[in-house]
Amino acid sequence: VGSYARAHRGLSLGRRPIVHVAMGAGFAALALRLAIWWAGSADARLVLWNIEQATWSLSLATFALALCEIGDDLFDRVFVRLQTAFILLAGVVMLVLTQAGTRDYLEGIQRRSDALADFVRAHVEYFRERHDTLGAIVDRRDLTERITLAFGDLPELRIVRILTPVQSAAFEIGESGSIQRSLADHLAADVGVPRPDADEYFLMQALPFGSADGRVELYGTREILSRYTRRQIILIFSLFTGVVVLSTAAIGLVVRGASQTLRQQAREINEQQRRLLQATRLAAIGELAAGVAHEVNNPATTIMSRASFLLSQRELGSPSDREDLGAIVSQAQRIAATTRGLLTFARPQAREVMAVPIDAIVAAALHNVRDALHAPGIAVRTSVAPGLPPVLADPDSLIRAVENLCRNAADAMPDGGMLTIAGSLADGPPARVRLDIADTGTGIDNETLSRIFDPFFTTKEVGKGTGLGLSIVHGIVNEHHGTIAAESRPGAGTRFTIVLPAEAR
C-alpha cells in the first residue's frame, strides 16, 4: 500500500489510470480466490481459477508498466519492462509446457491401463454370459489377483468400478495398501457404489461391455498427478529462470552502461552550457570594461601627468600643497593600474607563444610570491609528473596567472595551511596538460563560487583588492585556448584546475 501511494503521488494524471487498472485487477483476483473457496462444483472452481490467473497476469503487467513510467532513468525503465516481459513469457511457457506434459502423462496412464480394463471387461462379459451374478464374478480369485497386481503396477490407480444395470462393484486400495471391495444391488440412476470424488480422483479409463449396458471404470488419484505437475513446473521454472537471469544480466550491463554514458554526457553538456554562459557573460562584461577603461584612462593619465609636473616644481607653495599633489598622483596611479587590469581582462594579449615546461612556470610563479608564502604556518607542496609535454603559452602571462592564484590561496589561509600545486597529463586527445592549485583555506560557498571570475567581484575588505585578479586569470587562460574551473566548499579549501594545450609530439 505504501509503495502504491508513493507511485500514485509520482504519476501524472495521464499515468494514474494505469495504476488504477492494476489495483483493480489485483482486488478482482483476490475476490476470485474467495469465490474459488466457496464454489461448490469442481468445474466451477476450475473456471474461476483460470479467470483468477488471467486477472493476476493483467494486474502484474499493468502495475509493472506504471512502475517503469514513473522514473526517467533509462536502466530502471528498461529493466522493469524486461522483467515484466520475462515474467509474462514465463507464465505462458509454463502454462503451455505444463498442459502439454500433463496431457502426455495422462495419455501414458491410459495406455498402461488399457490391458487391465480389457481384462476386467472380458472377464465380466464371459461370466455374465454364463449367467453368473456380479457378486460371484468379483469373488473369483483370478479377477481379484489381476486387480491386486494392477494396483502395484499402476501407482496412480486407486479405484476399479464395475457397473451393470442391476449391480455395481468396486475395488479400492487404501493408504495402508489394503484392498477393499464393495458391492451394491439394484443400481438406480447410477447410485449404488458411490462415484469417486472429482477433487481427489480422475478417470483413467472407461470401457463399455454387454452391448453398452455395463461399464468398467478405472480411477487414479489426483495427488500423484499434482505431484507430477509440480515437478514439471519447478523444472520448467528453474530452467527458464536461469535463462532469464543470464539474459537479464547481459542486457542489464548493456543498458546500465548506456544509462551511465547518457548521464555523463548530460553532465558534460550542462557543464559546457554553464561555461558557455559564463564565457558569454564575461565577454559582454569585457567589452563594457574595455570601453570604460579607455574613457577613464585618458583623463586619469592627464591628471597624473599634470599633478606630477606641478609636484616637480621647486617653487611650489606650502608643504600641504605638495602633500595634496602627492595624494592626487598616488590615486591617479591607482586608477591607471585599475584601467590596465580592465584592459588586460577585456583583451589579454599573449605576445610570445612558445613551448614552455609547466614546471618552469610553477617555479617562476612561486619565486615571485615567496613573500606571501612566508607567512607562518603556510607550507607548499609541488608535484609535477615527469615527462609532461611543454605547454604552448606566453610565459610572462601564464606566470602572472599562476602567481595570482597562489596569492589568493595564501590570502585564504590566514592561520596557515597547505598550498598544493600538481601538474599532470589531462585525459584524452588532443595532448593537454592539467595544473591543479589547491589550498586548505576557508573555502567558498556555491553562490560566491559562481561569481568569482566576474570583474570587480571580491570578498576581501575594501581597499585590499580590486576584484580583477581572477578575471585576469580567466582572460589569460582563455587567450591560451585553455579552460579553468574552480571547486570549493566552506571550510574545505579551494581547488583551481587549469587545462592548457600541449605541444604536439
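Note that the coordinates shown come from a computational prediction; the quantities given were computed from them, not determined experimentally.
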Undergrad: Measure the shortest side-chain to side-chain distance between V433 and P389 over non-hydrogen atoms and say whether it is less than 4.5 angstrom.
TA: yes
Undergrad: Is it the case that over 12 heavy atoms from other parts of the model lie below 6.0 angstrom from the CZ atom of R141?
TA: no
Undergrad: So do the side chains of I159 and T221 get within less than 4.5 Å of each other, counting heavy atoms only?
TA: no
Undergrad: Is the closest side-chain heavy-atom distance between D415 and M413 below 4.5 Å?
TA: no
Undergrad: What's the separation between atom CD in Q180 and atom CZ in F171, rounded to the nearest 0.5 Å?
TA: 12.0 Å
Undergrad: Compare every heavy atom of L398 with every heavy atom of A393, then report the nearest pair and how far apart it is.
TA: CB-CD2, 3.7 Å
Undergrad: Give a yes or no on this: more than 12 heavy atoms of other residues, nucleotides or ligands lie within 6.0 Å of atom CG of D142.
TA: yes
Undergrad: Heavy atoms only: give me the nearest L154-R112 pair and the separation to one decimal.
TA: CD2-NH1, 3.4 Å
Undergrad: For I109 and F202, run side-chain contact (heavy atoms from CB on, under 4.5 Å): C-alpha distance rounded to whole Å, both residues' side-chain angles, the deciding distance at 0.1 Å, then the answer.
TA: CA-CA 11 Å; I109 292 175; F202 67 96; 4.0 Å; yes
Undergrad: Write down the atom of Q167, the atom of L183, and the distance for their closest heavy-atom approach.
TA: NE2-CD2, 4.5 Å
Undergrad: Looking at Q205, R161, M204, which hits side-chain contact (heavy atoms from CB on, under 4.5 Å) with E217?
TA: R161
Undergrad: Measuring from H123:NE2 to L143:CG, what's the distance to the nearest 0.5 Å?
TA: 5.0 Å
Undergrad: Do any N or O atoms from the side chain of S178 and from the backbone of G174 form a donor-acceptor pair under 3.5 angstrom?
TA: no
Undergrad: Closest heavy-atom contact between I452 and F496?
TA: CD1-CE2, 3.8 Å
Undergrad: Applying ring-ring contact (aromatic ring centres under 6.0 Å, His included), can you list everything that pairs with Y201, at least two apart in sequence or on another chain?
TA: none
Undergrad: Could you check if a side-chain atom of I162 sits within less than 4.5 angstrom of a side-chain atom of V120, using non-hydrogen atoms only?
TA: yes
Undergrad: Got more than 12 heavy atoms from elsewhere within 6.0 Å of CZ, R222?
TA: yes
Undergrad: Contact between I137 and D139 at the side-chain level, heavy atoms closer than 4.5 Å - yes or no?
TA: no
Undergrad: Would R121 and F209 count as a cation-pi pair here, with the cationic atom under 6.0 angstrom from the ring centre and within 45° of the axis?
TA: no
Undergrad: What is the distance from atom OG1 of T497 to atom CD1 of I437, rounded to the nearest 0.5 Å?
TA: 9.0 Å
Undergrad: Given side-chain contact (heavy atoms from CB on, under 4.5 Å), test F151 with V160 step by step and report yes or no.
TA: CA-CA 9 Å; F151 280 129; V160 178; 4.2 Å; yes
Undergrad: Answer whether the closest heavy-atom distance between the side chains of D436 and T420 falls below 4.5 Å.
TA: no
Undergrad: Could you measure the distance from the CZ atom of R158 to the CD1 atom of I179? Nearest 0.5 Å is fine.
TA: 11.0 Å
Undergrad: So do I358 and L435 actually touch side chain to side chain, heavy atoms under 4.5 Å?
TA: yes
Undergrad: For the pair T448 (side chain) and I444 (backbone), establish whether a donor and an acceptor sit closer than 3.5 Å, ignoring hydrogens and angles.
TA: no
Undergrad: Distance from T55 atom OG1 to L32 atom CG, nearest 0.5 Å?
TA: 5.0 Å
Undergrad: Does R181 come within less than 4.0 Å of E172, counting only side-chain N to carboxylate O?
TA: no
Undergrad: Do you know the tightest heavy-atom contact between A150 and L116?
TA: CB-CD2, 3.3 Å
Undergrad: Minimum heavy-atom separation for V477 to I484, with atom names?
TA: CG1-N, 4.0 Å
Undergrad: Working to the nearest 0.5 Å, report the span between OG of S113 and CG of L157.
TA: 8.0 Å
Undergrad: Start with the C-alpha distance between L470 and N404, add both sets of side-chain angles, then the distance that settles side-chain contact (heavy atoms from CB on, under 4.5 Å), and finish with yes or no.
TA: CA-CA 7 Å; L470 290 178; N404 214 325; 5.7 Å; no
Undergrad: Would you call N408 and D439 a side-chain contact if the rule is heavy atoms closer than 4.5 Å?
TA: no
Undergrad: When you measure from the side chain of D132 to the backbone N and O of R128, does any donor-acceptor pair fall under 3.5 Å?
TA: no
